[in-house]
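Structure, as structure tokens:
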Amino acid sequence: MCAIVGIYGAENASKIAYYALFAMQHRGQESTGISAADGEKIRLVKARGLVTEVFSEAVFETLGGDCAIGHNRYSTAGNESKMDAQPIFARYKLGEISVAHNGNLVNKFEVRDELIEQGAIFQTNMDTENIVHLIAKSQKDMLIDRIKDMLTKIEGAYCLVIQSRSKMFVIRDRFGIRPLSLGKLKGGGYIVASETCAFDLVGAEFIRDVAPGEMLIFGEEAEPISEQIFEPDYHPCAFEFIYFSRPDSIIDGTNVYQARLDMGKRLAKEAPADVDLVLPVPDSGVAAARGYAEGLGVPFEMGIVRNHYIGRTFIEPTQEIRALKVRLKLSPIKYLIEGKSIAIVDDSLVRGTTSRQIVKILKEAGAREVHMRIASPEIRFPCRYGIDTPTQAELISARHTPEEIASIMGADSLGFLSVDGLVDSLGRERKYSLVSFDGDYFAGGSAQSPGCSD
Ligand code: 5GP
Ligand code: MG
């Protein structure tokens, strides 16, 4: 997960970065940060919390500058690195540098151990710190050559924005696994961001996606300089379309909402159900459920209400309430459900926790039959490219067949979208990263290697 943004050549750069991070809050809620450069100095503000909690007017006065880079961090509760935040700032031989990273380096521990062996000290658990060390240790005279040196030593999935006091470097790995787009700001200057929904909020004009293996250099020149650093082998992450990205974002020309509608329609062909009503699991299942209902020709209803105010600050409920924890967030409209046969559609099944509880609340609300439909294939392998999936043992589809899972959940049936159906819905014109579904670790790493993304 995670979101990154870079703003170059704009008055109020850090304010624009702030709006962009706000638009991409869904990609990470653990911590956030912005670092700004004014040609002479880099200033950084980062902390745990949401974008609106961490930044204030006073912060923007401190930050200043016309180049700003920012980051929203996603990490699971209980992770030992939950205090970590980005961008990472450092002083080194050539001056000051700041780095924000979305993705996951598969050779994090090899590189880190080698650096530690050579005397490096680390302050965080983030693989991004490797990048800063590798740049600082390179013997090249120019920052750009140090960055290129560093890029030969890291492997895996990454989108990077690197800021010096007067320049900004943007890099997307050769597989283009995580999304990254380039836009032009109306008031002058440029923006790069993980998702195009950030452009819409700040009124930027979309130019193009950053190419896989490309580096963009923002400096004195009026336009960014592009260099193709690596031979591209494009494999955008299918899970960005399935779950991560906001429905209004466009990845490589495909609108995310439309892709989800198409997945739902295809699911209706592959796993139909004889039902009275189709309901989504809000919010992530809404678009796919709409497509599923349309495909079946059955009414679609928002039959489950979601409480949007359950945040991280919710006080641990008492034992009686905890048993009904899902009800704090999701509540069925009994009036719609009672006596009906229901298809309930979610975007994905990971551990099975959500679905199990949803089947229960629908049955308790009087549903005659509950047919669970998942608008993505069975997740049988942990992703190593920037999605924080649990260990393979925790993935319910790695251990059980759909029939077994249906019976564990108490559902009358369970159906998934096939891998072929997914790829058809997304378009055959490109390859995808499908590692969670097919276990093809084409960019390195394995099901056993350590996960966790930055
Ligand atoms: P489960 O309850 O099966 O463990 O997870 C499935 C639910 O989690 C789905 O509703 C899906 O929208 C959501 N989900 C899928 N991937 C992720 C993720 O990486 N992070 C979070 N927070 N939720 C996810
Ligand atoms: Mg969900």
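We count ligands from 1, going down the list as the structure has it; atoms in each ligand are counted the same way. Remember, it's a predicted structure, so these values are computed and weren't measured experimentally.
- Inside a 4.0 Å radius of atom 8 (O) of ligand 1 there is not any protein heavy atom.
- Residues D347 and R373 are not paired through a salt bridge, judged by the lack of any N-O separation under 4.0 Å between the basic side chain and the carboxylate.
- Nearest to atom 6 (C) of ligand 1 among the protein's heavy atoms is S348 O, 3.4 Å.
- The Mg ion (ligand 2) has no N, O or S atom of Y243 inside 2.8 Å of it.
- Looking only at distances, a side-chain donor or acceptor of H235 sits under 3.5 Å from a matching main-chain atom of D233.
- Distances below 4.0 Å separate heavy atoms of F239 from the following atoms of ligand 1: 16 (N).
- Residue contacts with ligand 1, taken as heavy atom pairs separated by less than 4.0 Å, involve S284 solely via side-chain atoms from C-beta onward.
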**From CA spacing to verdict: salt bridge (Lys or Arg N to Asp or Glu O under 4.0 Å), E57, K15** = CA-CA 9 Å; E57 275 309 325; K15 202 60 166 289; 3.1 Å; yes

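- Using a 4.0 Å cut-off between a side-chain N of Lys or Arg and a carboxylate O of Asp or Glu, R27 and E240 qualify as a salt bridge.
- Heavy-atom proximity to atom 5 (O) of ligand 1, evaluated over I379, I358, V350, is greatest for V350.
- For ligand 1, the polar-atom distance check against L349 finds no nitrogen or oxygen pair separated by under 3.5 Å.
- Once rounded to the nearest 0.5 Å, the distance linking CD1 of I342 with CG of L279 reads 4.5 Å.
- The Y74 neighbourhood of ligand 1 comprises atoms 18 (C), 19 (O), 20 (N), 21 (C), 22 (N), with distances under 4.0 Å to a heavy atom of that residue.
- Heavy-atom contacts of D347 reach the following atoms of ligand 1: 9 (C), 10 (O), 11 (C), 12 (O) (cutoff under 4.0 Å).
- Residue-ligand proximity, F244 to ligand 1, at heavy-atom distances under 4.0 Å covers atoms 19 (O).
- Both the backbone and the side chain of T353 come within 4.0 Å of ligand 1, counting heavy atoms alone.
- Atom 17 (C) of ligand 1 has its closest protein heavy atom at Y243 CE2, 3.3 Å.
- Looking at T354 against ligand 1, both its backbone and its side chain come within 4.0 Å, counting heavy atoms.
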**Prompt:** Taking it one step at a time, do R266 and D262 satisfy salt bridge (Lys or Arg N to Asp or Glu O under 4.0 Å)?
**Reply:** CA-CA 6 Å; R266 176 68 178 241; D262 292 346; over 6 Å; no

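- Residues F244 and M1 are in side-chain contact: their nearest non-hydrogen atoms beyond the backbone lie under 4.5 Å apart.
- Annotation: cation-pi pair R112/F122 present, NZ/CZ under 6.0 Å from the ring centroid and within 45° of its normal.
- Under a 4.0 Å N-O distance rule, the pair K265/E294 qualifies as a salt bridge.
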